[in-house]
Amino acid sequence: MNARCDILGVPFDAVTPEEAVRKALTLMETGGVVVTPNPEIVWGCRTDPAVMEAVASADLILADGIGIIKAAKKLRRELPCRVTGADWFSAMLAACAENGKRVFFLGGKPGVAEKAAENCPNVNVCGTHDGYFKGDTLVLQLIKDAKPDFLAVCLGTPKQELWMKRNREALSGILMAGLGGSLDVLAGTVKRAPKWIQTIGMEWLYRALRQPSRIKRLFVIPKFQRAVRKQKKQEKKHG
């Protein structure tokens with residue numbers, strides 16, 4: 001088992017991208033939950049115990065966001081590198097195609113999941129459903145009937161984390177992963193930042209500028225950074 005470290009009380013698996021895929025494929029044999037917290041989600045964990053429980057109870061917790069890696073360095077935590085949800089999802093789809101695994105896409109606006117599936121001709125996408133549903137009963141039955149090995153849950157945070165926690169028992173045996181807007185990227189309705197922007201860790205700013213509705217989320221970042229500095233001082237004080 002890979003080691004875990006905490007950032008402001010939220011646990012993270014210290015894995016490389018390759019290790020994250022291997023561990024997920026192992027989890028796929030029995031089912032489990034994968035989450036990909038960034039600073040926004042970490043802050044949500046600090047302010048909502050239900051979100052903290054949903055994230056902390058996951059089987060694989062990936063450091064999605066350069067802010068998490070910078071916080072780890074400041075706090076002297078061992079996190080080898082960030083593992084973005086989008087990159088991990090792409091690698092998982094390739095692994096599922098190679099190993100003949102069945103995949104279900106849940107989330108996005110009507111038509112997005114279907115378009116994402118069309119863009120994955122080599123992947124056995126056994127079912128899709130948009131994220132605009134009320135109540136879980138019908139969607140859960142649709143997923144069960146499709147018999148996926150891997151369920152991509154793209155409902156946005158914290159809705160997706162809470163949904164997976166709530167329905168984990170009902171969907172036992174399936175690997176679920178909360179992947180935010182990954183279906184929009186896969187469908188081509190949202191473009192990822194150019195590679196050089198991803199490399200310098202500024203993809204979050206690119207997305208905010210492209211989608212002004214996301215700008216208010218940036219207000220969490222200075223709060224997160226102040227909390228990290230405060231924790232560092234406390235740890236230094238107590239040796």
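Because the structure is predicted, anything quoted here is derived from the model rather than measured. Start at 1 with the first residue, then count along the sequence.
- Hydrophobic clustering (side-chain heavy atoms under 4.5 Å, transitive across Ile, Leu, Val, Met, Phe, Trp, Tyr) keeps L138 apart from M176.
- How far CD1 of I143 is from CZ of F104: 5.0 Å, rounded to the nearest 0.5 Å.
- Note on R168 versus D59: salt bridge recorded, some NZ/NE/NH1/NH2 to OD/OE distance being below 4.0 Å.
- Of the options E235, Q234, K233, a side chain to side chain donor-acceptor pair (under 3.5 Å) to Q231 is made by E235 and by none of the others.
- Side-chain atoms of F105 and L179, non-hydrogen and from C-beta on, never get closer than 4.5 Å to each other.
- You'll find the side chain of E98 stays beyond 4.5 Å of the side chain of N122, heavy atoms only.
- Rounded to the nearest 0.5 angstrom, C5 SG and L79 CG are separated by 3.5 Å.
- What you find for I7 and R77 is that their closest heavy atoms are CD1-CG, 3.9 Å.
- By the 6.0 Å and 45° rule, K74 does not stack over the aromatic ring of F224.
- The structure places NZ of K101 at 8.0 Å from CG of L25, a figure rounded to the nearest 0.5 Å.
- Side-chain contact between V112 and D130 is absent, with no heavy atoms from C-beta onward closer than 4.5 Å.
- For the residue pair W88 and D64, no side-chain donor N or O sits within less than 3.5 Å of a side-chain acceptor on the partner.
- Taking 4.5 Å as the limit, some side-chain heavy atom of L142 sits within range of a side-chain heavy atom of H129.
- To the nearest 0.5 Å, atom CE of residue M92 and atom CG of residue D149 are 9.5 Å apart.
- The OG1 atom of T137 lies 9.0 Å from the CD atom of Q141; values are rounded to the nearest 0.5 Å.
- Summarising the local packing, NZ of K232 is surrounded by 12 or fewer heavy atoms from other residues, nucleotides or ligands at distances under 6.0 Å.
- Contact between V35 and A58 at its shortest, heavy atoms only, is CG2-CB, 3.7 Å.
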Would L186 and C120 count as a side-chain contact (heavy atoms from CB on, under 4.5 Å) if you check the C-alpha gap in whole Å, the side-chain angles of each, and the deciding distance to 0.1 Å? CA-CA 8 Å; L186 195 56; C120 299; 3.5 Å; yes

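- Rounding to the nearest 0.5 Å places CG of L8 at 7.0 Å from CG of L75.
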As a quick check of understanding, evaluate side-chain contact (heavy atoms from CB on, under 4.5 Å) for L62 and V15, giving each step before the final call. CA-CA 8 Å; L62 305 177; V15 292; 3.7 Å; yes

Worked check of side-chain contact (heavy atoms from CB on, under 4.5 Å) between F12 and V42: CA-CA 11 Å; F12 285 89; V42 169; 3.8 Å; yes

